[in-house]
Amino acid sequence: MVNFVQTNTVSVQQIYTVNKYVTQSIRLVNLSRCPVSPSTATDKVALLIGNMNYVYHTQLCAPIADVHELTNLLRQMDFKVVSLLDLNWQEMHSAVTEFLLLLDKGVYGLLYFAGHGYENYGNSFMVPIDAPASYTSEHCLCVQNILTRMQEKETGLNVFLLDMCRKRNPNDDVIVQPGLLKVTANIVFGYATCVDAEAYEVKKEDESNGIFINFLKQRVCEDEKVTVMLDRVAEDMGRCVITRGRQALELRSNLSERRSLTDKIQTAECSASYSARNLQWAVAHVLPKSLYLQFDCGVTVQLGFAAEFSNLMVIYTRILEKPKEIASCSAQLTDFPEGVDVDLKKSNQETLLDAGSLLLIKEALPSPEVPSLYTRIRSLQRLRTELTFTVCLHYTYSNMDEEVQERQSVTVGKPLVSKLNLHEARQPRTCSQSSSFSLDSFNVPECSFFPDGFTSVGSASNTWPYYAQSGRESPTSSRSANVPEETDSAELFEAPKPLVATKSLPHSQVNDTNYKFSDMYNFHSH
């Protein structure tokens with residue numbers, strides 16, 4: 001629990017003293033004394049949260065694209081990534097707790113947040129989408145508290161990338177006293193903007209990006225010490241005239257070793273805990289297997305599934321076979337359960353763009369000549385029961401004008417992050433409890449993670465159970481881009497095909513010539 005202390009009992013100086021070794025950018029160790037041999041991690045884990053659709057505050061556009069791009073880049077560097085959109089207070093707390101379960105001694109932990117935020121007395125606060133109009137620290141998550149919990153795991157590297165405003169919150173007169181931080185010399189804070197300043201996003205054509213990610217994505221995969229990489233990002237941002245005097249990256253670190261996000265994973269001494277983390281990660285990345293429905297009229301419909309984020313799934317329907325006497329037919333989805341977010345106006349669309357996805361490209365779909373209808377299922381973290389919906393087949397015979405309908409109910413279990421039940425409160429765990437990698441300690445269903453009807457989605461390095469057990473080589477390099485994948489028939493499970501490709505703004509679109517001061521209406525501060 002967060003310990004809230006009134007201003008008259010704890011001085012501002014005391015709070016800064018607790019955090020001073022993190023919040024000062026003074027390097028405590030001479031860089032020449034850093035080890036020459038490359039560092040290694042026992043594992044690499046990242047939690048990415050993008051909040052856009054705020055209930056009582058300005059809605060944002062960029063987090064969806066920013067989280068998507070950073071997810072793909074981190075997975076190229078063998079990070080296990082959980083990417084989540086639009087979390088409320090309870091869901092954010094639960095997500096952080098699950099993230100901490102993936103950490104252990106020597107693990108690299110990275111937390112990225114894009115959304116509304118603020119900074120009071122040296123502490124940074126991430127704002128959930130359900131925060132009230134006059135929110136305080138009680139309604140938000142304190143980043144420094146998360147850091148103290150990460151240190152309990154003896155992590156090898158703690159990286160925080162905070163793409164949010166750092167203005168002071170005038171409604172918050174409470175000073176949060178985080179737990180005492182340890183002197184670990186492995187902490188890096190990359191702030192998208194300076195103290196008491198705002199962070200911006202810019203809308204360009206159909207897609208928005210945050211200024212921070214526009215520059216970070218050009219450097220994040222460089223094989224350099226994390227602080228060196230972020231210094232270069234800051235220099236790149238400083239050359240952008242449109243944000244000069246408005247937004248500048250701030251780096252705070254006490255990192256003494258040459259640790260990079262590209263460091264290799266060494267699991268020889270911790271194979272058991274590594275396997276346990278893989279299982280815990282995999283539970284949030286299980287997609288339903290492709291289904292084939294046979295209707296009484298003779299039509300065969302395929303249901304396919306793809307992960308756009310850890311809590312956002314795309315379902316598509318295809319007509320695979322139909323009798324000659326049927327002139328036209330289509331399979332549409334309806335009757336979704338409460339909790340999940342489905343935009344009915346954008347469901348059952350012929351293109352992914354019409355379905356509301358700017359990040360999925362139809363050209364990457366297999367068999368593009370077969371028409372499909374797409375529906376996006378958002379907020380899967382709020383799914384309390386198995387996902388059940390109805391497939392409604394609409395068809396007409398060649399000798400009839402009236403439309404005929406057939407319906408089938410389909411249940412596909414709890415896909416992706418819904419298995420973690422983030423809507424439920426978590427019991428506080430002690431360090432010894434949470435660092436134990438007994439499978440019994442995880443929030444894991446009694447059944448296998450990979451029953452016959454399911455498969456895992458992720459990069460080749462993360463689909464470890466199949467390839468490790470079969471002895472086969474992964475069909476893609478562990479360094480290849482991790483694009484969301486679809487599940488299909490059993491034979492395709494052995495060699496998953498990519499459903500989508502990332503759509504990002506090239507660096508050339510983020511220069512001084514493309515942005516003018518007269519375009520400032522396109523900028524929205526977090």
Side-chain angles (χ1 to χ4, degrees), residues 22 29 34-35 37-49 67 70-83 95-113 143 146-162 181-190 216-217 219-230 233 251-282 284 310 431 434-435 437 458-459 461-462 464 478-479 482:
V22 177
V29 179
C34 292
S37 59
S39 301
T40 58
T42 57
D43 205 352
K44 297 193 286 189
V45 181
L47 172 62
L48 279 55
I49 299 175
V67 169
L70 188 56
T71 294
N72 284 328
L73 292 170
L74 290 174
R75 281 179 171 159
Q76 290 180 49
M77 296 182 284
D78 295 330
F79 272 83
K80 294 180 178 66
V81 182
V82 177
S83 58
V96 167
T97 299
E98 294 295 331
F99 169 62
L100 293 168
L101 281 176
L102 297 174
L103 304 182
D104 196 31
K105 186 174 183 179
V107 175
Y108 287 11
L110 184 148
L111 173 64
Y112 170 79
F113 175 74
V143 176
I146 297 174
L147 172 58
T148 59
R149 296 171 69 186
M150 291 175 68
Q151 286 188 323
E152 292 177 355
K153 301 304 189 76
E154 301 181 36
T155 44
L157 179 66
N158 300 305
V159 178
F160 296 86
L161 302 176
L162 303 178
L181 297 175
K182 301 176 182 178
V183 182
T184 54
N186 64 355
I187 301 169
V188 178
F189 277 85
L216 179 65
K217 69 185 180 184
R219 301 281 190 182
V220 70
C221 290
E222 292 181 355
D223 186 18
E224 295 286 354
K225 185 177 178 180
V226 180
T227 50
V228 173
M229 180 270 292
L230 289 174
V233 175
L251 171 63
R252 297 184 179 183
S253 171
N254 65 2
L255 183 61
S256 61
E257 297 179 329
R258 187 197 180 282
R259 292 193 178 269
S260 168
L261 298 182
T262 61
D263 288 344
K264 295 184 178 181
I265 297 174
Q266 175 59 258
T267 62
E269 298 179 359
C270 55
S271 57
S273 61
Y274 180 73
S275 297
R277 281 192 300 273
N278 270 304
L279 283 175
Q280 178 68 4
W281 175 88
S310 298
C431 178
S434 57
S435 61
F437 279 93
S459 64
S461 63
N462 290 330
W464 66 273
S478 63
R479 295 287 181 181
N482 183 78

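Since we're looking at a predicted model, the values are computed, not measured.
Taking the side chain to side chain donor-acceptor pair (under 3.5 Å) definition, one finds that S83 meets it with nothing, sequence neighbours left out. For A284, the side chain to side chain contact (heavy atoms under 4.5 Å, CB included) criterion is met by V417, L420, not counting sequence neighbours. Scored by the side chain to side chain donor-acceptor pair (under 3.5 Å) test, Y108 finds R259, D263 as partners (sequence neighbours excluded). Qualifying ring-ring contact (aromatic ring centres under 6.0 Å, His included) partners for F160, counting only residues two or more places apart in sequence or in other chains: F189. In this view, E224 and E222, V228, R232, R258 satisfy the side chain to side chain contact (heavy atoms under 4.5 Å, CB included) rule, not counting sequence neighbours.
The shortest non-hydrogen separation linking L103 to R277 is N-CD, 4.4 Å. Closest approach of S260 and V226 over heavy atoms only: CA-CG2, 3.9 Å.
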* Asked: What's the verdict on side chain to side chain contact (heavy atoms under 4.5 Å, CB included) for N72 and R75, showing C-alpha distance, side-chain angles and the deciding distance?
  -> CA-CA 5 Å; N72 284 328; R75 281 179 171 159; 5.5 Å; no
* Go through V82 and E98 one step at a time and tell me if the side chain to side chain contact (heavy atoms under 4.5 Å, CB included) criterion holds. => CA-CA 10 Å; V82 177; E98 294 295 331; over 6 Å; no
* To do: Report the C-alpha distance between D43 and D104 in whole Å, list the side-chain angles of each, state the deciding distance to 0.1 Å, and finish with yes or no for side chain to side chain contact (heavy atoms under 4.5 Å, CB included).
  => CA-CA 8 Å; D43 205 352; D104 196 31; over 6 Å; no
* Apply side chain to side chain contact (heavy atoms under 4.5 Å, CB included) to L102 and V107, showing your working. => CA-CA 9 Å; L102 297 174; V107 175; over 6 Å; no
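The distance from atom CG of L162 to atom CZ of R252, rounded to the nearest 0.5 Å, is 10.5 Å. Note that CG of L251 is 5.5 Å distant from CG of L230, once rounded to the nearest 0.5 Å. With values rounded to the nearest 0.5 angstrom, M150 atom CE is found 8.5 Å from N186 atom CG. Here OG1 of T97 is found 10.5 Å from CG of L47. Values are rounded to the nearest 0.5 Å. Atom NZ of K182 is separated from atom OG1 of T148 by 9.5 Å, given to the nearest 0.5 angstrom. With rounding to the nearest 0.5 angstrom, the CZ atom of F113 is 10.0 Å from the CD1 atom of I146.
The shortest distance between side-chain heavy atoms of V233 and V220 does not fall below 4.5 Å. Between K44 and L110, every side-chain heavy-atom pair lies at or beyond the 4.5 Å cut-off. Using a 4.5 Å heavy-atom threshold, the side chains of T42 and K105 count as separate. Between L181 and L147 there is a side-chain heavy-atom pair separated by less than 4.5 Å. Put simply, the side chain of K80 reaches to within 4.5 Å of the side chain of N278, judged on heavy atoms. Looking only at side-chain heavy atoms (C-beta outward), V96 and L100 come within less than 4.5 Å of each other. In this structure, K264 and D78 have side chains that are not in contact, with every pair of non-hydrogen atoms separated by 4.5 Å or more. Using a 4.5 Å heavy-atom threshold, the side chains of I187 and Q151 count as touching.
Evaluated for a side chain to side chain contact (heavy atoms under 4.5 Å, CB included) with F79, the options L261, T71, V45 yield exactly one hit, L261.
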